[in-house]
2 protein chains.
Amino acid sequence: MAATSATLDTVAALAGVSRQTVSNALHHPDRLKAATRDRVLDAVRRSGYRPSLPARQLATRRAHAIAVRADPQQDGISGLVLDTFFHGLAEAGHDNGLRVVLYPAQATQEEEVALVDDLLHSRAADAVVLTATSATDERPTYLAATGQTFCAFGRPWGHADAPHDWVDVDGAAGTTLAVNHALERGCRRIAFLGWPDDGATGADRRRGWAEALDAAGVPGPRREDAAVNFAEGAEAAARRLLDLPAGERPDAIVCVSDTLAFGAHRAAATSPAAGDPPLVIGFDATPVARALGLPSVAQPIREAAHACLDLLVPRLAGEDPPARGVLLAPSLALPSH
Amino acid sequence: MAATSATLDTVAALAGVSRQTVSNALHHPDRLKAATRDRVLDAVRRSGYRPSLPARQLATRRAHAIAVRADPQQDGISGLVLDTFFHGLAEAGHDNGLRVVLYPAQATQEEEVALVDDLLHSRAADAVVLTATSATDERPTYLAATGQTFCAFGRPWGHADAPHDWVDVDGAAGTTLAVNHALERGCRRIAFLGWPDDGATGADRRRGWAEALDAAGVPGPRREDAAVNFAEGAEAAARRLLDLPAGERPDAIVCVSDTLAFGAHRAAATSPAAGDPPLVIGFDATPVARALGLPSVAQPIREAAHACLDLLVPRLAGEDPPARGVLLAPSLALPSH
DNA sequence: TTGTAGGCGTTATCAT
DNA sequence: ATGATAACGCCTACAA
């Protein structure tokens with residue numbers, strides 16, 4: 001009801017106690033006589049008192065917030081569904097008394113590192129969550145070197161020397177799921193459609209495909225091709241696979257992304273079918289895969305966000321988290337009909 | 001270089017001035033003699049000084065932050081692409097010295113309103129950006145009633161009595177674009193596939209379709225059907241339209257969402273074609289429409305985010321923004337090939 | 001069990 | 001052109 005917001009002093013005056021008693025009533029109720037506590041809490045209610053976050057931050061020297069980058073990416077057909085990750089962070093953060101602040105992606109890594117540095121040093125945030133880390137990423141190196149608190153969504157691929165907290169999804173396990181699904185459906189010639197560059201993520205997913213075939217003891221030549229994340233290129237690459245002689249023509253194509261799966265799906269639909277059309281399996285379970293009715297490997301994004309906080313919360317409390325890194329298992333999203 | 005972060009006092013000692021002079025050097029450079037100012041600024045550099053955000057917040061009684069809701073929505077096939085909106089807010093916010101804090105969506109509107117209330121009163125944020133407002137939305141009413149600063153992405157459909165700042169995209173203009181595109185492509189029987197409930201957004205988009213046909217003076221009966229945002233239902237509804245007698249069969253279907261467009265696309269592909277397949281046009285320019293090669297109305301999400309800040313920034317400065325509401329024009333995203 | 005004192009780092013006001 | 005002083009609202013000692 002107060003036009004100007006109530007402070008500890010307001011409440012103290014209202015309850016006829018000192019402001020420290022009010023503070024105790026809120027944070028250490030057991031230290032007060034029940035009668036006083038109730039009287040104080042009642043005054044809190046009536047005054048509409050809300051603790052001032054800035055004041056608390058100043059006194060505790062903690063922002064009680066974590067920062068995460070807002071990516072300008074438009075290409076929702078592939079890659080992280082950041083919406084979900086953001087919500088997971090906000091949710092898990094809220095449960096732990098941490099707010100989530102967004103910072104805009106910068107043009108260069110140097111600028112981004114400078115911005116993060118600023119957020120941390122100005123105590124706008126206590127820690128950072130990095131997304132989409134890669135081997136050529138300088139951000140983890142820098143943050144680790146300067147002793148900042150952070151957690152990466154993505155393994156420290158090329159940085160065994162600078163270990164840090166991380167959360168990732170087991171890509172190889174995902175493609176293994178895909179291969180096993182294809183095998184159960186009776187497929188025998190299971191091809192792989194990957195990315196041309198041998199980045200760590202792509203290599204990991206490819207490995208899951210190869211190992212699953214090894215484990216199943218599937219004979220015959222293994223076919224694979226590659227394309228960048230662009231539907232037309234993927235369609236052409238898939239067509240190369242499908243144009244193989246009848247005995248070698250794949251009856252399933254495991255794809256490294258839904259974008260490639262989309263291209264493969266188009267190729268499969270227009271290829272002169274020798275028998276059943278091949279089974280196309282995507283990666284990321286985006287709306288595109290769902291719309292096309294393709295199976296696709298689903299990453300547990302929400303769980304990843306929660307896992308990040310499971311690492312950061314102890315870290316911020318000065319303790320060591322239970323593990324340095326968390327590897328989450330994906331699942332296979334099957335079409336609904 | 002300092003292990004413990006530098007404060008105004010640190011810098012002041014280093015430069016041999018008082019801390020107030022340091023503050024002035026940073027915020028009111030004109031009040032200082034050039035020599036002193038340079039000396040101070042140099043000390044700032046050397047000490048690696050970063051202003052403490054909490055301290056500034058406490059002193060200025062402003063959070064220098066805005067809050068926005070993180071939605072758990074999984075259904076990326078339709079609706080806002082929140083990633084883009086978030087990035088736009090973070091970007092525009094950064095340019096205006098405002099951080100963006102995310103709050104998790106709550107189960108009920110009451111809980112959400114309580115949470116927002118908390119953020120604002122605890123000075124974790126100075127204002128809120130509401131997304132996905134509707135006529136049955138109590139959030140604007142409450143926030144306006146309690147005099148909070150906020151901006152809604154979505155018109156105050158049913159709340160002419162409680163005006164507030166808003167930004168929206170002109171849905172009718174979008175479907176008009178779609179109809180005109182169909183006309184240019186030679187279509188004459190342009191149907192509409194909408195939502196069954198007559199919510200304001202859906203009605204607005206339907207109006208654009210009807211008015212464009214009026215303006216063009218297109219003769220003949222107008223066909224329309226409706227379905228909820230679910231591909232199968234949309235497919236059935238589209239099939240009802242396509243099963244009309246040859247002379248009445250639509251040669252174009254303007255859809256209220258990409259989800260419905262997806263269903264219509266499937267229906268068009270499997271319907272016994274009497275001549276060319278109908279032109280299907282979607283709404284929202286999601287990756288699904290792009291993947292299917294459908295034209296789709298694109299909302300200027302990034303611009304909308306910037307527009308929100310154009311309203312909020314003056315409002316937070318105590319001034320009136322140039323306008324109460326901003327209505328942005330969509331564009332038509334054509335398939336790339 | 002309760003109250004007092006001091007500090008967190010900044011900005012605003014008013015002297016000098 | 002500078003500097004001293006007093007908030008801002010909370011928290012953590014330590015006293016009473």
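The shown structure was predicted, so the numbers you read here are calculated from the model rather than taken from an experiment.
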Taking side chain as C-beta onward, heavy atoms only, is [X] less than 4.5 Å from [Y]?
X	Y	result
B/V100	B/V68	yes
B/V113	B/R139	yes
A/R50	B/D117	yes
A/F85	A/V129	yes
A/R99	B/R99	no
A/L143	A/L130	yes

Residues from residues 49-60 of chain B sitting under 4.0 Å of DNA chain D, heavy atoms only?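 Residues of residues 49-60 of chain B under 4.0 Å from DNA chain D: B/L58, B/A59.
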To the nearest Å, how far apart are A/R62 CZ and D/dT12 C1'?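 After rounding, the gap between these two atoms is 15 Å.
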Do you know which two heavy atoms are closest between B/A127 and B/L316, and how far apart they sit?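 Here B/A127 and B/L316 meet closest at CB-CD2, 4.2 Å.
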Which heavy atom in B/S47 sits nearest to a heavy atom in B/V44, and how many Å separate them?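 Smallest interatomic distance, heavy atoms only, reads OG-O, 3.1 Å.
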Distance, nearest 0.5 Å, that separates NE2 of B/H94 from NE2 of B/H87: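 B/H94 atom NE2 to B/H87 atom NE2 measures 10.5 Å (nearest 0.5 Å).
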Say whether, by atom type as modelled, one donor and one acceptor occur between the side chain of B/R37 and the main chain of B/D30 under 3.5 angstrom.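 Checked: no pair found.
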Report the C-alpha separation of B/C151 and B/V167 in whole Å, then their side-chain angles, then the decisive distance to 0.1 Å, and conclude whether the side chain to side chain contact (heavy atoms under 4.5 Å, CB included) test is met. CA-CA 7 Å; B/C151 173; B/V167 170; 4.1 Å; yes
Just distance, no hydrogens or angles: give the donor-acceptor pairs under 3.5 Å from side chains in residues 303-313 of chain A, sequence neighbours left out.
{"from": "A/H306", "atom 1": "NE2", "to": "A/E91", "atom 2": "OE1", "distance (Å)": "3.0"}

Return the residues of residues 21-44 of chain B meeting this criterion: a heavy atom under 4.0 Å from some atom of DNA chain C. Order them by number, or give none.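 Only B/S23, B/H27 qualify.
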Nucleic acid contacts of residues 10-20 of chain A, taken as heavy-atom distances under 4.0 Å to DNA chain C: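 Heavy-atom contacts with DNA chain C come from A/V17, A/S18, A/R19, A/Q20.
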According to the interplanar angle, ranging from 0 to 90°, do the rings of B/H164 and B/F150 count as parallel (below 30°), tilted (30 to 60°) or perpendicular (above 60°)?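 Rings of B/H164 and B/F150: tilted, as their planes differ by 30° to 60°.
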B/F86 vs A/F86 aromatic rings, parallel, tilted or perpendicular, using cut-offs 30° and 60°?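 Ring orientation, 0 to 90° scale: tilted.
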Can you pull out how bent the helix from C/dT1-D/dA16 to C/dT16-D/dA1 is, comparing the axes over its first five and last five pairs, to 10°?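 Computed from the C1' atoms at both ends, the axes differ by 40°.
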Please find the earliest and latest nucleotides of DNA chain C, in the 5' to 3' direction, that have an atom within less than 4.0 Å of any heavy atom of chain A.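 Taking any atom under 4.0 Å from a heavy atom of chain A, the span is C/dT1 to C/dG9.
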Under 3.5 Å side-chain donor-acceptor pair for A/Y103 and A/E112: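 Result is yes, a qualifying pair exists.
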